[in-house]
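To keep things clear, I will list the structure first and then write my remarks on it.
Below, chains carry the letters A, B, ... as their sequence lines are ordered, and counting in each starts from 1. Here the structure is a predicted model, which means the values were calculated and not measured.
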Amino acid sequence: MWFYIYKMNEYDHKEIEKKWQKKWAEEELYKTSESSDKPKEYVLDMFPYPSGEGLHVGHPKGYIATDIYSRYKTMRGFNVLHPMGWDAFGLPAENYALKNKVHPRQAVEKNIARYKEQLSIIGFNYDWDREINTTDPAYYKWTQWIFLQLFKHGLAYESNEPINWCPSCKTGLANEDLDNGACERCGSTVEKKRIRQWVLRITDYAERLLNDLDELKEWPEHIKELQRNWIGKSEGAEIDFKIKTQNAKRKTTTQNLKFTVFTTRPDTLFGATYAVLSPEHTILESLEDVIDNWGDVKHYIDESSHKTEIERTAEGKEKTGVELKGVKAINPTNKEEIPIFIADYVLADYGTGAIMAVPAHDERDFQFAKKYELPIRMVICPHYPAPTCPILDEAYTGAGHLVVSGKFDGLSNEEAKQKITEFVGGKMKTTYKLRDWVFSRQRYWGEPIPLIHCEKCGVVPVSEKDLPVVLPEVESYEPTGTGESPLANISEWVNIACPKCGGKGKRETNTMPQWAGSSWYYLAYTLGTKKLKRKTQNYLDDKNIKKLLNFWIPVDMYVGGAEHATRHLIYARFWHKFLYDQGFVSHSEPFRRLKSPGLIAGADGRKMSKRFGNVINPDDVVATYGADTLRLHEMFMGPFEQGAAWSEESIIGPRRFVEKVWRLSKHIGSETDARDESKLHQTIKKVTEDIEQFKFNTAISALMILANEMERKEKISAIHYSQFLILLSPFAPHVAEELWRETLGHKTSIHLEPWPSHDESKIISEGFVITVQMNGKVRDTFTTETELSEDEIKEKALALEKIKKWIDGQSIKKIIYVKNKIVNIVI
RNA sequence: GCCCGGAUGGCGGAAUUGGUAUACGCGCACGACUUAAAAUCGUGUCCCGAAAGGGUUGUGGGUUCGACUCCCACUCCGGGCACCA
């Protein structure tokens, strides 16, 4: 019998959590609707990539935070949208499918089912009516539609420039897909390869992507800084150098031969003692006949084309190069003939692919000049006037005044920049490190690019009414490795009449990169699954759809990993700005507030990975401790944006806390008193402020303190306990609901209760603890019940026995008083 | 090399933004309950010291009546970029 009662009272997380998850779904607790006059709040998680591995305990950290935040916002009277979906196109899904010999679609379906199950047992409040899946044709027809708009506005172009090629994944990659010169997915060293590809003109938006960061006041500063560095703006000048051939008998027309350099230091132009072209520079072909050592030059070009990015940029690597014999460049300032080199330290795809070299004022040029014994001429002096310029043992890159620069001598180098540029007929120019977005992949598992190549008309977009261009179902989808997409072999799919002239046409067979679908998914949620699937003619250019978009957009709170700072978050901002320019959305930035959860590492401090065998599965934790405990633990581990190692040991703390809350329900039955009320209102204040700022660890700490207070009492008041449960409910939704409905007997869910607001007048002062310091060191404290005047406090402080002892005849220089806090006696 | 973070007990961390450093939790020790254990509760727990007292927020210096907090220099750890002209 005794044992039976014990069982009855026991907190059984398994039963409770299952029960309420089912009930909440039945009651449709988390349905979102636009027909509400409440203010809207759009809370968004970065949607997951459903991989074959399933979720580990690190993944839900951000989801727990948005779940708490969105429940809190709902209780605060907001109309909350909190959706979830799947980012399922791209390399990982396809590589997984290839490895396991299943079709990617089946793999994705299976993985999604598993993910959904894993998420559901943690008790998230997603509105699954708005679930999206980027690989659903009903979804990607919209992705294709947006691509067509980009194409029609000249922001998508075909190119044959050499790009990053992953030999293992057998596809071209964007700069953003690289990790230290290696494929971000498989770790293979990336090569440069010249293949036909589609590219998006993200660089047209570089300036706005950079400037508008300043408006994102509620983004973490470090993420904005990452984007600024990635965009990498630098201001300089483009200046033409004429080429003079020394050998007139060759047949090449040598008139007007020139190349353009980009430099941020046009002020040093008089010091340019040679010039360097990148080995890929296109002018080299036309110089073949006039270069005396063409064999050597050709050899160097071939060699560097076979080198990987890593080999070319290896740290500490000595610079190499070959002089172009038989040609000279003319320094436009002083008409001096200077040698031209090719060297692979000059990058083809930055600036103009050519530089003027000023060894005296650039470290790289200095090294190169030392090696090839080229003249080093100082033209900026730190101290002016200087009788002679010192001999340099390293480049001087600082500021100064011009010397050896003709009529510009004596100018400060900042002033000289523009003047010299004008003098030589150059133009000021802004350059970015950001590259245009290589947008095609030679892989199967992606959105087909909706374009048709016609023999007569060239590239023709697929008619909008014919979207989606469905990815054909095929047996074999292995990448070819030739630079062609595996789709190219499916002739019945590829061959199609040109939409313009009806003649012979072929479909574009490259597919879009993984980042395409995620560049607008936050817009898709606002439509809901039904509208997304419905037949539409106008897509985003539809009055009703625009209305929905502008009801919810911008996203008010966006939570996801900082690793997306220079990938998804740049791409999405780019697409959004484009859609804004077309009038489809009314805000120029998609995400108002951004938070990035710190990584949860394995217990060994390393990143959780199957490879290290340190993966903790949330299902197991939920089974052992319960979802509420898991949620509390992950939020209590430390500051949200800071990483932490998983600790199986300390999860017992949050579990004990939940059990304590459970036990407290057996002690209800007293009246409220003012002291309790004061503590409650302090807690309301603290928890509310902390949730707003994503300081969940201290919010939970405040709840624990209040629970400890309640526990100290014989009996607690039902009203206070109820209020406490409401504060707890976003963190531990199941146990709060169980106690709310079953123990306290409420008919409706605790999650529909209004959030309590704190009443400052209920927070009573428990007297003032005055700290008495001598020379800033704490010597004693005393308490006053009521607020005393400054003089009274000082008097009391000086009367303390300990203080008297310390003063002991010494003279008091002054007494500093901080109201109701501190008396500091200086002797 | 450049740009961001960070460093507080045995451990995770807190500190109203210059005012009693170490809240809350883990761990540990002791005690209560128990035949016993578990669970739970209570007490203690930064270091030295018997005490008085002294020291302590990575290191060194500075500003201040007073510094985890502000300034200067440095060390270490994490992240990003990296021959970007």
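Here, B/A85 and B/C70 have their P atoms 33 Å apart, quoted to the whole Å. Across the P atoms, B/G44 and B/U63 are found 40 Å apart, a figure rounded to whole Å. Spacing of C1' atoms, B/C24 relative to B/G13, comes out at 8 Å, to the nearest Å.
In this structure, B/A15 makes no Watson-Crick or G-U wobble pair, since no nucleotide meets both defining distances under 3.5 angstrom. Across every strand in view, B/U34 sits unpaired, with no contact that passes the Watson-Crick or G-U test at under 3.5 angstrom. With a cut-off of 3.5 Å on both pairing distances, the Watson-Crick or G-U wobble partner of B/G10 is B/C26.
Looking at A/Asn229, its side chain has no donor and acceptor atom pair within 3.5 Å of the base of B/C81. You'll find a donor-acceptor pair under 3.5 Å spanning the side chain of A/Gln773 and the base of B/G19, going by distance alone.
You'll find that the side chain of A/Trp806 is closest to B/G53, out of B/A21, B/A14, B/G53. When distances run from any side-chain atom of A/Lys805 to the nucleotides B/A52, B/C3, B/G13, the shortest one goes to B/A52. Checked against B/C83, B/C65, B/G25, the side chain of A/Lys319 finds its nearest nucleotide in B/C83. Set against B/G19, B/A85, B/C4, the side chain of A/His222 has B/C4 as its closest nucleotide.
Considering only side-chain N and O atoms, A/Asn708 lies under 4.0 angstrom from the phosphate OP1 or OP2 of B/G25. Side-chain nitrogen and oxygen atoms of A/Arg656 include at least one within less than 4.0 Å of the OP1 or OP2 phosphate oxygen of B/C26. In this structure, A/Lys433 does not reach the B/A82 phosphate: none of its side-chain N or O atoms is under 4.0 Å from OP1 or OP2. Look at A/Asn697 and you'll find a side-chain N or O under 4.0 angstrom from OP1 or OP2 of B/A14.
Side-chain N/O atoms of A/Lys660 and A/Asn708 include a donor and acceptor closer than 3.5 Å. Looking only at atom types and distance, the side chain of A/Tyr300 has a donor-acceptor partner in the side chain of A/Thr320 under 3.5 Å away.
The distance from atom CG of A/Leu569 to atom P of B/G80 is 15 Å, rounded to the nearest whole Å.
Both tests hold for A/Lys61 against A/Phe640: distance to the six-membered ring centre under 6.0 Å, angle to the ring axis within 45°.
Other residues, nucleotides and ligands contribute at most 12 non-hydrogen atoms within 6.0 Å of the CD atom of A/Glu795.
In this pair, A/Phe259 and A/Phe241 present their aromatic rings parallel. The plane angle is below 30°, not in the 30 to 60° band.
Counting any heavy atom pair closer than 4.0 Å across all strands shown, A/Arg228 reaches no nucleic acid atom.
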